[in-house]
Chemist: 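Okay, here's the structure, questions in a sec.
A quick note: this is a predicted structure, and the numbers were derived from the prediction, not measured. Residues: numbered from 1 along the sequence shown.
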Amino acid sequence: MSFTDGSRDLNEGDAKYSLEETVLGRAWIPLEGLVLTPPVRVRYEKHPWLEAFEFDGVKAAPAKRKGIGTKGAKGFVRSLSTIYSAAYDDYRAFGGDENFDADGYFRHAAEYFARVAEDDSRRKMAVKFCGFAENMWREGDQEMLDICMETVIPVLKKNAYMGAILKDTITEEFRDYLEGQRSDN
C-alpha cells in the first residue's frame, strides 16, 4: 500500500490497484493478494510505544494452492498445537517420534472437533480446525493431502453441524475442490 497525491497512474503494467480516499489522502491498494471488504479505512494510530497505520476492511488473500506442498505430519502437529492444547499429548499417545500414526492422530483430532462443534464455548476452535484442514490440503505433502481428503474431511462432513461450519469457513477454492470430489469422501 502506498500513499500518493494521485498524480501518477498505478494501473499501468502488470500491477492493478484500487484508489481509496482516506483521511490521510489517497491510498493505492493492490487488488491482488488482498481481500477488500468495504468500507476500506486507513487510520493512523499513535500510542506511546508505537505509531502505525491500521487497516479496516483489508486482509491478506488466502494463498492459492499450487499442487502438492511440502509440509509433513510433524509440521502439522505443531500447527495444531496452536488451537488444540492436547496436541502434543496426543502426539505421544499415537507413537510420537518413534512410530507416529499420523492417520490415527489426525482422525482423533477431527473426531474431537466434530464432537465439540456444537458447544458455543468451543465453536471458535472448531472454525479454526476447519481452516487447519484447509491448510493440510493447501500446504501438505502427499501423505498429509491423503490424510486430509480420506480421513479428516469425511469425519468433519459426517457430523452435520461440523459439516456446516466447514462449508461456511473454507475458501471458495477449497470448496470447489471438495465439490469435485466423490460424494462418498
Chemist: Between Thr82 and Arg78 (side chain of the first, backbone of the second, donor and acceptor by atom type, cut-off under 3.5 Å), is there such a pair?
Modeler: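 Checking the backbone N and O of Arg78 against the side chain of Thr82, no donor-acceptor pair under 3.5 Å is found.
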
Chemist: Taking Cys148's backbone N and O only, do any of them form a donor-acceptor pair with Thr151's side chain (distance below 3.5 Å, no angle check)?
Modeler: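 Such a contact is absent between Thr151 side chain and Cys148 backbone.
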
Chemist: Out of curiosity, Leu145 CG to Gln142 CD, how far, rounded to the nearest 0.5 Å?
Modeler: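 If I round to the nearest 0.5 Å, the distance is 5.5 Å.
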
Chemist: Should Leu178 and Met149 count as side-chain neighbours, where that means a heavy-atom distance under 4.5 Å?
Modeler: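 SC-SC contact between Leu178 and Met149 confirmed.
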
Chemist: Looking only at heavy atoms, what is the nearest atom pair of Ile170 and Arg175, with distance?
Modeler: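 Between these two residues, the closest heavy atoms are O-NH2, 2.8 Å.
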
Chemist: For His108 and Asp90, which heavy atoms make the closest approach, and how far apart are they?
Modeler: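 Smallest interatomic distance, heavy atoms only, reads CD2-OD2, 3.2 Å.
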
Chemist: Only counting residues at least two apart or in another chain, list the ones meeting side chain to side chain donor-acceptor pair (under 3.5 Å) with Glu98.
Modeler: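 For Glu98 there are no side chain to side chain donor-acceptor pair (under 3.5 Å) partners, ignoring immediate neighbours.
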
Chemist: Between Met144 and Ala73, what is the shortest heavy-atom contact and its length?
Modeler: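 Reported closest heavy-atom pair: SD-CA, 3.5 Å.
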
Chemist: Measuring from atom NZ of Lys128 to atom OG of Ser79, what distance do you get when rounded to the nearest 0.5 angstrom?
Modeler: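 So the NZ of Lys128 and the OG of Ser79 are separated by 13.0 Å.
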
Chemist: Starting at CE of Met162, measure out to NZ of Lys157 and round the result to the nearest 0.5 Å.
Modeler: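 Met162 CE to Lys157 NZ: 13.0 Å, rounded to 0.5 Å.
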
Chemist: Quick check: Phe100 with Tyr91 (ring centres under 6.0 Å apart)?
Modeler: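 Here the rings of Phe100 and Tyr91 have centres that are less than 6.0 Å from each other.
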
Chemist: Indicate yes or no: does Arg92 engage Asp97 in a salt bridge with an N to O separation below 4.0 Å.
Modeler: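 Not counted as a salt bridge, because no side-chain N and carboxylate O are separated by less than 4.0 Å.
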
Chemist: Provide the closest heavy-atom pair for Gly104 versus Asp101 in the form atom of the first, atom of the second, distance.
Modeler: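 Looking at all heavy atoms of both residues, the shortest contact is N-OD1, 2.9 Å.
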
Chemist: Measure the CD-CD1 distance between Glu143 and Ile68 for me, rounded to the nearest 0.5 Å.
Modeler: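 Rounded to the nearest 0.5 Å, the CD-CD1 separation comes out at 12.0 Å.
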
Chemist: Applying side-chain contact (heavy atoms from CB on, under 4.5 Å), run through Glu134 and Tyr177 and close with a yes or a no.
Modeler: CA-CA 11 Å; Glu134 181 169 346; Tyr177 182 88; over 6 Å; no

Chemist: For Gly140 versus Phe76, what's the shortest heavy-atom pair and its separation?
Modeler: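 Answer, listing the atom of Gly140 first, then Phe76: CA-CE1, 3.7 Å.
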
Chemist: Considering residues, nucleotides and ligands other than Asp119, do more than 12 of their heavy atoms fall under 6.0 Å from its CG?
Modeler: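 Correct, the count exceeds 12.
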
Chemist: Got more than 12 heavy atoms from elsewhere within 6.0 Å of CD, Glu45?
Modeler: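 Above 12, so yes.
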
Chemist: Measure the spacing between CH2 of Trp137 and CD of Glu173 and express it to the nearest 0.5 Å.
Modeler: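 Trp137 CH2 to Glu173 CD: 4.0 Å, rounded to 0.5 Å.
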
Chemist: Can Arg123 and Glu118 be counted as an ion pair, charged N to O under 4.0 angstrom?
Modeler: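 No, this pair does not count.
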
Chemist: Once ring-ring contact (aromatic ring centres under 6.0 Å, His included) is applied, do any residues pair with Tyr84, and if so which ones, sequence neighbours excluded?
Modeler: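 In terms of ring-ring contact (aromatic ring centres under 6.0 Å, His included), with neighbours along the sequence ignored, Tyr84 is linked to Tyr112, Phe113.
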
Chemist: With a 4.0 Å cut-off, would you call Lys71 and Asp141 a salt bridge?
Modeler: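 No, no charged N to carboxylate O under 4.0 Å.
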
Chemist: Working to the nearest 0.5 Å, report the span between CG of Leu166 and SG of Cys130.
Modeler: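 The CG atom of Leu166 sits 4.5 Å away from the SG atom of Cys130.
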
Chemist: Would you say the side chain of Phe94 lies within less than 4.5 Å of the side chain of Asp103, judging by non-hydrogen atoms?
Modeler: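 No; the side chains remain at least 4.5 Å from each other.
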
Chemist: Considering all heavy atoms of both residues, which atom of Asn159 and which atom of Ala114 are nearest to each other, and what is their separation?
Modeler: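 Closest approach of Asn159 to Ala114, heavy atoms only: ND2-O, 3.0 Å.
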
Chemist: Going by the rule side-chain contact (heavy atoms from CB on, under 4.5 Å), which residues pair with Ala110 if we only count those two or more places apart in sequence or in a different chain?
Modeler: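 Partners of Ala110 by the side-chain contact (heavy atoms from CB on, under 4.5 Å) criterion, ordered by chain and then number, come out as Phe129, Val152, Val155, Leu156.
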
Chemist: Could you go through Arg41 and Glu54, starting from their C-alpha distance and side-chain angles, then the distance that decides it, and tell me whether this counts as salt bridge (Lys or Arg N to Asp or Glu O under 4.0 Å)?
Modeler: CA-CA 8 Å; Arg41 292 188 182 112; Glu54 296 290 330; over 6 Å; no

